[in-house]
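Counting starts at 1 for both ligands and their atoms, following the listed order. Numbers here are sequence positions counted from 1. All heavy atoms count here, side chains included; hydrogens, waters and symmetry mates do not.
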Amino acid sequence: MAPVPSFPVKVGHIDDVQELRKARPTSIPERFVRDMAERPKHAATLVSASDIPIIDLCKLMKRDKDEHQSEAMQLKTACEEWGFFQVVNHGIDLSVLENIEKVAKDFFMLPLEEKKKYPMAPGTVQGYGQAFVFSENQKLDWCNMFALGVEPPCIRNPKLWPSKPADFRETLEVYSREIQKLCENLLKNIAVSLGLKGDVFEEMFGVAVQAVRMNYYPPCSRPDLVLGLSPHSDGSALTVLQQVKDSSVGLQILKDNTWVPVQPVPNALVINIGDTIEVLTNGKYKSVEHRAVTHKERDRLSIVTFYAPSYEIELGPMPELVDEKNPCRYRRYNHGEYSKHYVTNKLQGKRTLDFAKIESKTSA
Ligand code: OGA
Ligand code: NI
């Protein structure tokens, strides 16, 4: 999560969605009502859950060659064709997942005055509030967010780490360590699936940056008019998303121009390829546009970790993935600059990646 933008930001009044819902359960202020084209109309009618690949990490780690190979193939297909998969048998203790769920829920259920002690300043992305709002006429997401930079410690803003619930900090630290190991492990397997050395990403990334965002989506009386979270791809290398147990279906990914819902699988973690891997692989593994929709009666909470290289590093397509048939599609750039570009622009599909594209500035 990058620094404060250097330009002044006027965002107008931003309703706290939980408070709005409490005070006026059926009111949808104009700023939340999406233009026709953006409304989640056909959302429910789509492809079945089983279409989003499920990767068994335990099988992937097996020494038995056949079992390993078949899972490795699935991982490769998942990265090439979906950019999204759910990982099961990931080795993270269930209690770690349950604990983070609990502190996140407890945090959002605190009185507004308490949460406001950790405000997300306009135009920034850490703290409690709505991120990616940069103007007074921008549509708002039906969501309250709480986001923190976690690793390395120098990106933390200690003033924003809440003192309530009491075990929040420690729980987040334990959780982040586990997610870090998972990301390292997945990146190794992803590298191998590309025919590269297993540790290529780890060596390149330096001290990886990890940030967490907790998204709380209150129920909405008109889910057909609003979005929980605007369409976007993630700027990270990998993103790990935990959907809280028994929550409604909310995450959707754009596949072949259709919004496909991601059905929560118990205890699985949803993984997606971020823009950084798209650039490094010269577009072989692409980041995929996704969004969140809301539910009429049920709330939803997700806990999202963004895993990315150190801000210091320069990156661009890896030479092994550039040849005559696959000409270089992205320029080299400093990752910190990309992060800054990402967090100082509103979410709009995959447009943020135009920053790095060489050929066409218009294609998504
Ligand atoms: C995100 C994200 C989706 C969700 O935070 O980047 O895509 O379901 N969240 O909360
Ligand atoms: Ni996302």
Distance-only side-chain donor-acceptor flag, Q18 / N144, under 3.5 Å:
yes
Open item on the list: Under a 3.5 Å threshold, yes or no: a donor from one side chain and an acceptor from the other, between T239 and D234?
Closed with: yes
Close residues (non-hydrogen atom under 4.0 angstrom from ligand 1) work out to R213, N215, Y217, L229, H232, D234, L241, L251, H290, R300, S302, V304, F306
So ring pair (Phe, Tyr, Trp, His ring centres under 6.0 Å) across residues 148-173, not counting sequence neighbours, yields F146-F168
Assess whether ring pair (Phe, Tyr, Trp, His ring centres under 6.0 Å) is satisfied between Y338 and Y333, documenting all intermediate values.
CA-CA 7 Å; Y338 184 60; Y333 57 85; 5.6 Å; yes
In D234, the N/O/S atom nearest the Ni ion (ligand 2) carries the name OD1
Does the N215 side chain pair with the main chain of I303, one donor and one acceptor, at a distance under 3.5 Å?
no
message = With a 4.5 Å cut-off on side-chain heavy-atom distances among I, L, V, M, F, W and Y, is there a chain of contacts connecting V200 to L186?
response =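 In one cluster with V200: L186, yes.
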